[in-house]
Q: 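Have a look at this one before I ask anything.
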Amino acid sequence: MAEISVTQLNKYFGEHHVLKDVSFEILRGERVGLIGSNGSGKTTLFKILTGAMDYDSGEVYVNREGRVGLLEQLPEYPADMTVRQVLMSAFSHLFALERELRELERDMDASPDVLDRYARLTARYEAEGGYEYETRYNMMTNGLDIPPDMQDRAFMSLSGGEKTRVNLARIMLSGTDILLLDEPTNHLDLDTIGWLESYLKSYRGTAVVISHDRYFLDEATTRTLELEDGVLTSFPGNYSYYVDKKEELREQLEAAKKRQDKEIARLEFTVERMKGWGLGNKKVMKRAFAMEKRLQRIERIETMKKQKVMKNRFAVADASGDEVYNINKLSFGYDRALAEPFDAQVLKGERIALLGPNGCGKTTMLKTILGLLPPLSGVVLEGVGVKTGYLPQVVSFDRPDRNLVDTLLFETNCSTQAARDRLASFGFRGEEVFKTVDVLSGGEKTRLKLCLFMSDSVNTLFLDEPTNHLDLISREWLEESIDDFSETMIFVSHDRYFINRFATRVWQMEDGRLLDYSGNYDEFLRKREVERLRALALPKPKEDKPAPAPRQKTNPGQNAKVSEKQRRDRRREIKKIEDRLGEIDEQMAASPDDYVLLQQLVEEKDQLEERLLTLYEEEEEA
């Protein structure tokens, strides 16, 4: 059954045709990713689905029997509304039932109809979780790390990540049947993003997600809707499937268009020849005009529009020395140290990802190494020939009242034509270059800052959340630019695709310590999992070993066959346990209130993880 159905939907803003004959259906239980460049109409479509915005023509159906939850990019609440009040608004339907029940209780002797209504409302109150909402509230605030002191603060005083966490909790507490999530991973740390992925995988309702996080889309969605130039296209798979399928369709359309163009050229040539032959011959001329009309009726194949590729490279300075930074007993923070003192050496060409939960001090550490903040103790020794460039998380400009051209003229001292050429290469074309900086979106400000940033000659990059607010096309463009930069980079990011592509080393901030791992994000996760399993493994009591049996002579070939069979069996068992652990995680996420089942699953999980650690160690030895 379709939970959402849209037919021939059109929406205009003035003369701008935002949504053009958009049609699609989303069935109950589907998890759909909605993608497209910034300004393509994704948020507009969400507002139409929730009824917050009108449309010009078409039909929109959303199943109103269930509740619809919308996670907005920039939620607004009254200035004095606390986090607790925002979260409790999820139970407003229960509070309304409570009030009606209290009123009926005062009138219980009135009539059988009142008693009947009271019984029905009581059953409904119980079915919708009225007697357990406080328990659900406590579980959700603990799971999403919303402590009591945060619950007493004003919502509008929270950071972006904290606001997103609170709104996610509010939506999920409300028991929605249809989730509309607009950029849910913005400002979330990696642990919270992973938790959200697990939640969506076990979510029994319908979910539609706008996101530029490719890793998240692959993990959390099973279908992709693309909005491009107001036209919507559906792909029956996750983001990676969409990328492969779209490229395949593009190639097929281009090949078909070449064949059609060739055939049209042949027919046009034939028509012209027949017109020449047909002078004075009515039959031939009639055939020529008939063929010409047929040519006019041919529906021309339209190929997929290729996005304009922004090709820019960092202006690279002369190479630095082999040792870029030597860090000795460094402690950083403001009024107190955010981590234990640590030592590290950064070598030329390394690309270090700095990871950790929100608020742990990643940006502070980045600024301390860069020299923008003084260390509390210890020292950072900069190597020979190091020339740094820093892209901050919060992009700002000294004169936001200037337009884009003037900003480049004053910042880079270039000519007007050079400024316009450089802006065009960063996607700012035509009249856009005369917009003032203060009206730009978050993604446009980041692109403009990159335009200025990449003109400086550097050999060591410091990037703090560089892909924030960038759409998929801009992210890919930035990644291609970094690919060409072969020098040193230290960066903070929650974009796992970006981390996995560039990190050669990971610094993880955890419980006030800095942990150092070599390799990319996938390798980091594998090492962390082995550490976790080892920490869970309990020491086994010593047993009296029996006297070893006399060794029997076997030939080497037989030993090799036995060893290979054991390795195959061991790997099969590892795969089986890993699959079962995944099933257990899904069962636990789907049944957070069933404490008996949770206890059974935890016990089974502990036993399986202990066995898995043993198998890992055997595999490593083999």
Side-chain angles (χ1 to χ4, degrees), residues 1 3-4 28-31 50 62-72 75 77 81-106 108 114-148 150-152 155 164-181 184 192 195-208 584-602:
M1 178 182 174
E3 291 284 85
I4 299 172
R28 181 172 296 169
E30 281 196 295
R31 301 192 308 275
T50 59
V62 178
N63 184 6
R64 299 298 176 186
E65 292 181 7
R67 284 187 293 276
V68 179
L70 171 65
L71 178 73
E72 299 175 276
Y77 290 99
M81 193 169 185
T82 66
V83 169
R84 192 183 309 277
Q85 290 170 326
V86 170
L87 291 173
M88 281 297 182
S89 69
F91 305 120
S92 58
H93 60 293
L94 292 175
F95 298 151
L97 286 174
E98 280 182 353
R99 287 192 296 272
E100 191 169 355
L101 286 169
R102 299 294 83 81
E103 290 175 5
L104 290 173
E105 284 171 359
R106 290 194 294 270
M108 288 292 280
V114 173
L115 294 174
D116 179 61
R117 177 158 180 75
Y118 184 84
R120 283 188 285 108
L121 285 179
T122 302
R124 180 179 162 192
Y125 182 77
E126 182 177 3
E128 294 186 12
Y131 296 113
E132 57 190 30
Y133 71 82
E134 290 183 354
T135 303
R136 287 169 53 209
Y137 178 95
N138 292 329
M139 288 181 64
M140 189 64 69
T141 52
N142 288 334
L144 276 172
D145 190 23
I146 305 173
M150 187 194 293
Q151 295 171 35
D152 294 330
F155 176 84
T164 302
R165 288 211 310 276
V166 170
N167 267 289
L168 274 173
R170 175 186 61 81
I171 289 169
M172 290 183 281
L173 284 171
S174 64
T176 55
D177 302 291
I178 301 174
L179 277 177
L180 303 177
L181 304 179
T192 311
W195 179 90
L196 179 59
E197 283 172 2
S198 299
Y199 177 86
L200 287 176
K201 285 178 183 177
S202 60
Y203 179 62
R204 295 178 182 177
T206 304
V208 187
I584 290 174
D585 287 338
E586 290 181 4
Q587 286 179 270
M588 291 173 73
S591 308
D593 301 328
D594 192 337
Y595 299 106
V596 175
L597 176 61
L598 286 175
Q599 183 62 35
Q600 294 172 350
L601 292 173
V602 167

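Just so you know, residue 1 is the first one in the sequence shown, and it goes up from there. This one's a predicted model, so the numbers in the text were calculated from it and none came from an experiment.
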Q: Apply side chain to side chain contact (heavy atoms under 4.5 Å, CB included) to Arg84 and Tyr137, showing your working.
A: CA-CA 10 Å; Arg84 192 183 309 277; Tyr137 178 95; 3.4 Å; yes

Q: Which atom pair, heavy atoms only, marks the closest approach of Val86 to Val166?
A: CG1-CG1, 4.0 Å

Q: Which pair of heavy atoms, one from Tyr203 and one from Ile178, lies closest together, and at what distance?
A: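 That would be OH-N, 3.6 Å.
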
Q: Return the set of residues passing salt bridge (charged side-chain N to carboxylate O under 4.0 Å, His left out) with Glu126 (not counting sequence neighbours), or none when no residue passes.
A: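 Per chain and number, Glu126 pairs via salt bridge (charged side-chain N to carboxylate O under 4.0 Å, His left out) with no residue.
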
Q: Would a 4.5 Å heavy-atom cut-off, applied to side chains only, mark Met139 and Arg136 as touching?
A: no

Q: Under 3.5 Å, is there a donor-acceptor pair between the side chain of Gln85 and the main chain of Thr82?
A: yes

Q: Rounded to the nearest 0.5 Å, what separates atom CG in Asp116 from atom CG in Leu121?
A: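 Atom-to-atom, Asp116:CG and Leu121:CG are 9.5 Å apart.
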
Q: Taking Ser198's backbone N and O only, do any of them form a donor-acceptor pair with Ser202's side chain (distance below 3.5 Å, no angle check)?
A: yes

Q: Of all residues at least two apart in sequence or in a different chain, which pass the side-chain hydrogen bond (donor to acceptor under 3.5 Å, both in side chains) check with Glu3?
A: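 Checked Glu3 against side-chain hydrogen bond (donor to acceptor under 3.5 Å, both in side chains); matches are Arg28, Asn63.
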
Q: With sequence neighbours excluded, what pairs up with Glu197 under the side-chain hydrogen bond (donor to acceptor under 3.5 Å, both in side chains) test?
A: Arg496

Q: Apply salt bridge (charged side-chain N to carboxylate O under 4.0 Å, His left out) to Glu98 and list each qualifying residue two or more places apart in sequence or on a separate chain.
A: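 For Glu98 there are no salt bridge (charged side-chain N to carboxylate O under 4.0 Å, His left out) partners, ignoring immediate neighbours.
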
Q: For Pro184 and Thr164, which heavy atoms make the closest approach, and how far apart are they?
A: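 Between these two residues, the closest heavy atoms are O-CG2, 3.3 Å.
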
Q: Nearest heavy-atom pair of Arg170 and Ser89: which atoms, and what distance?
A: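 Taking Arg170 first and Ser89 second, the nearest heavy atoms are CD-OG, 3.5 Å.
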
Q: For Arg204, enumerate each residue passing the side-chain hydrogen bond (donor to acceptor under 3.5 Å, both in side chains) test, keeping only those at least two apart in sequence or located in another chain.
A: none

Q: Among Ile146, Thr135, Leu168, Leu173, whose side chain to side chain contact (heavy atoms under 4.5 Å, CB included) with Met140 holds?
A: Leu173

Q: Once the angle between the rings of Phe95 and Phe91 is folded into 0 to 90°, is it parallel (under 30°), tilted (30 to 60°) or perpendicular (over 60°)?
A: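 Perpendicular, since the angle between the ring planes exceeds 60°.
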
Q: Rounded to the nearest 0.5 Å, what's the gap from CZ on Arg31 to CG on Leu181? Could you check?
A: 12.0 Å

Q: Are Tyr199 and Leu179 packed together at the side-chain level, in the sense that at least one heavy-atom pair is separated by less than 4.5 angstrom?
A: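 Yes, side chains in contact.
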
Q: Less than 4.5 Å apart, side chain to side chain, heavy atoms only: is that true for Arg165 and Met150?
A: yes

Q: Got a second to check how far Leu104's CG is from Arg102's CZ, nearest 0.5 Å?
A: 9.5 Å

Q: Can you find a pair of side-chain heavy atoms, one from Thr122 and one from Leu101, that are under 4.5 Å apart?
A: yes

Q: Would you say Val68 and Asp177 make side-chain contact, with heavy atoms under 4.5 Å?
A: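 No, side chains not in contact.
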
Q: Once ring pair (Phe, Tyr, Trp, His ring centres under 6.0 Å) is applied, do any residues pair with Tyr125, and if so which ones, sequence neighbours excluded?
A: Tyr131

Q: Looking only at atom types and distance, does a side-chain atom of Asp145 sit under 3.5 Å from a main-chain N or O of Thr141, one as donor and one as acceptor?
A: no

Q: Whether the Tyr118 and Glu103 side chains hold a donor-acceptor pair (N or O, under 3.5 Å, no angle test) is what I'd like checked.
A: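 Not at all, the side chains of Tyr118 and Glu103 share no donor-acceptor pair under 3.5 Å.
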
Q: Below 4.5 Å, heavy atoms only, C-beta onward: do Glu30 and Val208 meet side chain to side chain?
A: no

Q: To the nearest 0.5 Å, tell me how far Gln151 CD sits from Met88 CE.
A: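 Answer rounded to 0.5 Å: 8.5 Å.
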
